Amino acid sequence: MLFMKFISRSLSDTEKLAERFLKGLTLAKDEATIIGLYGDLGSGKTTFVQAVGQLLGITEPMQSPTFVIIKTYNLQLTTNNKGFQNLIHVDSYRLEKGEELRKLGFKELLSHPKNLILIEWADRVAGVLPPDHIKLLCKFMDEQTREFTVENSKS
Ligand SMILES: Nc1ncnc2c1ncn2[C@@H]1O[C@H](COP(=O)(O)OP(=O)(O)OP(=O)(O)O)[C@@H](O)[C@H]1O
Ligand SMILES: [Mg+2]
């Protein structure tokens with residue numbers, strides 16, 4: 001179990017965290033890489049996902065998929081994307097349990113090693129997430145400050 005605590009005092013700090021976070025990620029061989037984002041409204045979950053997306057070469061605006069729940073971005077192979085082919089942004093805010101994600105084909109997405117899946121409000125769908133997924137705990141400290149804790153149970 002590895003913990004890392006990071007205080008972000010600006011959007012650019014959060015971008016730096018995203019960069020450091022990506023550097024430390026390695027593709028699993030047999031399943032998708034899953035990042036669960038935990039934390040209240042406005043704690044920085046979407047902002048972090050957007051920063052990761054930008055680093056992986058996504059140029060279109062990334063809104064949180066609050067209504068479609070799952071949004072897939074195909075990554076260009078030319079960008080520095082660590083071998084990931086898809087960034088999949090999930091917003092579980094409107095869901096009550098994992099079963100609802102399963103109905104949207106989530107299990108299939110989990111089975112592809114080249115998928116990087118980032119899930120906002122992961123606590124709401126805990127039932128369909130592998131228990132040892134990487135967790136990013138996001139906390140509002142004040143208007144400009146957020147505390148991010150990375151918890152990686154595999155390291
Ligand atoms: N240091 C910081 N890091 C990240 N976001 C920050 C920071 N300081 C201010 N903010 C602002 O905080 C807000 C965070 O909103 P964001 O949508 O990322 O939160 P969220 O956790 O996804 O919320 P929701 O639960 O509504 O999905 C943004 O408006 C962002 O500009
Ligand atoms: Mg959000």
Side-chain angles (χ1 to χ4, degrees), residues 1-8 14-15 17-58 60-75 81-141 145-155:
M1 180 81 72
L2 180 92
F3 290 99
M4 182 183 94
K5 202 156 268 206
F6 185 96
I7 301 290
S8 164
T14 298
E15 286 161 10
L17 169 67
E19 203 174 340
R20 210 186 281 182
F21 179 85
L22 262 183
K23 270 197 189 130
L25 271 189
T26 41
L27 264 75
K29 282 197 186 68
D30 48 353
E31 56 176 10
T33 297
I34 301 143
I35 320 295
L37 296 117
Y38 298 79
D40 291 336
L41 287 166
S43 59
K45 302 180 295 295
T46 301
T47 306
F48 180 83
V49 176
Q50 290 166 335
V52 169
Q54 272 172 19
L55 288 163
L56 294 177
I58 296 171
E60 64 189 281
M62 296 175 74
Q63 313 288 354
S64 206
T66 314
F67 294 97
V68 293
I69 317 293
I70 298 176
K71 164 97 180 158
T72 298
Y73 299 87
N74 300 312
L75 302 171
N81 58 23
K82 305 203 65 152
F84 290 117
Q85 272 173 4
N86 299 296
L87 183 156
I88 298 166
H89 188 179
V90 180
D91 187 351
S92 304
Y93 182 65
R94 294 174 63 248
L95 305 183
E96 274 162 22
K97 49 185 163 67
E99 184 57 30
E100 296 173 74
L101 257 197
R102 208 193 302 266
K103 284 185 192 142
L104 296 169
F106 187 70
K107 277 274 153 141
E108 166 71 16
L109 299 176
L110 284 181
S111 68
H112 293 283
K114 291 185 175 176
N115 285 345
L116 173 62
I117 307 179
L118 296 115
I119 306 166
E120 296 193 41
W121 296 99
D123 46 325
R124 302 198 178 195
V125 292
V128 286
L129 302 181
D132 61 353
H133 66 273
I134 300 165
K135 301 181 176 79
L136 183 70
L137 319 179
C138 311
K139 200 168 157 195
F140 179 100
M141 305 300 279
T145 315
R146 303 291 181 275
E147 182 190 89
F148 293 98
T149 308
V150 181
E151 193 185 309
N152 187 348
S153 57
K154 280 186 180 166
S155 336

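These numbers come from a predicted model, not from an experiment.
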Q.
Treating Asn152 as the side-chain partner and Ile134 as the backbone partner, does any N or O pair qualify as donor plus acceptor under 3.5 Å?
A. no
Minimum-distance pair of heavy atoms, taken over all atoms of [X] and [Y]:
{"X": "Cys138", "Y": "Lys45", "result": "SG-CG, 3.8 Å"}
{"X": "Asn81", "Y": "Leu56", "result": "CA-CD2, 3.6 Å"}
{"X": "Asp30", "Y": "Pro113", "result": "C-CG, 4.2 Å"}
{"X": "Asp123", "Y": "Tyr38", "result": "N-CE2, 3.4 Å"}
{"X": "Tyr73", "Y": "Met62", "result": "OH-CA, 3.4 Å"}
{"X": "Leu110", "Y": "Ile117", "result": "CD2-CD1, 4.0 Å"}

(Q) Quick one, Ile69 with Asp91, criterion side chain to side chain contact (heavy atoms under 4.5 Å, CB included). Give me CA distance, side-chain angles, the key distance, then yes/no. (A) CA-CA 5 Å; Ile69 317 293; Asp91 187 351; 5.8 Å; no
Q: Mind running side chain to side chain contact (heavy atoms under 4.5 Å, CB included) on Glu151 and Leu137 for me, showing each step along the way?
A: CA-CA 8 Å; Glu151 193 185 309; Leu137 319 179; 4.0 Å; yes
Q | Distance in Å, Lys135 NZ paired with Leu37 CG, rounded so as to fall on 0.5 Å steps | A | 12.0 Å
**Q.** Student check: side-chain heavy atoms of Ser43 and Lys139 closer than 4.5 Å
**A.** no
Q | Close side-chain approach of Val90 to Leu101, heavy-atom, < 4.5 Å | A | yes
Q: Before giving the answer on side chain to side chain contact (heavy atoms under 4.5 Å, CB included), spell out for Arg20 and Phe6 the whole-Å C-alpha distance, their side-chain angles and the decisive distance to 0.1 Å.
A: CA-CA 11 Å; Arg20 210 186 281 182; Phe6 185 96; 3.8 Å; yes
(Q) Check this for me, if you would: do Glu147 and Lys5 make a salt bridge, where the nitrogen-to-carboxylate-oxygen distance has to be below 4.0 angstrom? (A) yes
**Q.** Glu99/Arg102 ion pair, N-O < 4.0 Å
**A.** yes
Please check if any side-chain donor atom of [X] sits under 3.5 Å from a side-chain acceptor atom of [Y], or the reverse.
{"X": "Glu120", "Y": "Ser92", "result": "no"}
{"X": "Thr14", "Y": "Ser8", "result": "yes"}
{"X": "Thr72", "Y": "Asn86", "result": "no"}

Taking everything shown except [X] itself, do over 12 heavy atoms lie less than 6.0 Å from its [atom1]?
{"X": "Lys82", "atom1": "NZ", "answer": "yes"}
{"X": "Tyr93", "atom1": "OH", "answer": "no"}
{"X": "Asp40", "atom1": "CG", "answer": "no"}

Q: Run through Val49, Leu129, Ile35 and flag the one making a side chain to side chain contact (heavy atoms under 4.5 Å, CB included) with Ile119.
A: Leu129
Q. Between Thr66 and Arg94, is a side chain to side chain contact (heavy atoms under 4.5 Å, CB included) present by the stated rule, with each step listed?
A. CA-CA 7 Å; Thr66 314; Arg94 294 174 63 248; 3.8 Å; yes
Q.
Check for me whether the distance between the ring centres of Phe48 and Phe21 falls short of 6.0 Å.
A. yes
